[in-house]
Amino acid sequence: ACAPGSVRHASDRCLVASGAVAALIACASGALAKRSRDAVALLDAWLEKADQSLAFRLAAYRDASKTAGDKEGSLHAPQLTAFAGGRALANRRAFRDRLPALA
């Protein structure tokens, strides 16, 4: 999985492979179910605040922008319109709705 290539791409492939192994171990040990339930609770709280407050969504955009800015060449920079509108909420809600299947 960690085939030669550019250092950055090889590093990314190694991280993906390591993440897959960690996920399989977590699934087998039952830790994934607990983490899934914890993530659902956190997302529920985030969604409740985001539903009620444009200021909260704008702060979330700012935080996501800082995180994306920390990654050189990030292709996943957030869009202000996604947070100010409702797309970021819809995406997180869809993700949240799929998490209980892991528990």
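Evaluation of the ring pair (Phe, Tyr, Trp, His ring centres under 6.0 Å) test over residues 23-47, restricted to residues two or more places apart or in two chains, returns Trp46-Phe56.
Remark: the backbone N or O of Leu43 is not paired with any side-chain donor or acceptor of Arg96 at under 3.5 angstrom. Listed for the Arg87 side chain is no donor-acceptor partner under 3.5 Å among the backbone atoms of Phe83.
Note that CZ of Arg57 and CZ of Arg62 are 14.5 Å apart. Values are rounded to the nearest 0.5 Å. To the nearest 0.5 Å, the span separating OG on Ser36 from CZ on Arg98 amounts to 13.0 Å.
At a threshold of 4.5 Å between side-chain heavy atoms, the hydrophobic network of Ile, Leu, Val, Met, Phe, Trp and Tyr places Phe95 and Val40 in one connected group.
Residues meeting the side chain to side chain donor-acceptor pair (under 3.5 Å) test with Arg92, sequence neighbours left out: none. Under the side chain to side chain donor-acceptor pair (under 3.5 Å) criterion, Glu48 pairs with no residue, sequence neighbours left out. The side chain to side chain donor-acceptor pair (under 3.5 Å) check on Arg93 picks up Asp51, with sequence neighbours excluded. With sequence neighbours excluded, the residues that form a side-chain contact (heavy atoms from CB on, under 4.5 Å) with Leu80 are Leu58, Tyr61.
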Please tabulate, for the side chains in residues 18-33, all donor-acceptor contacts under 3.5 angstrom to protein atoms that are two or more places apart in sequence or on a different chain.
residue, atom, partner, partner atom, Å
Ser18, OG, Cys14, O, 2.9
Ser29, OG, Ile25, O, 3.2
Ser29, OG, Ala26, O, 3.2
Ser29, OG, Ala31, N, 3.3

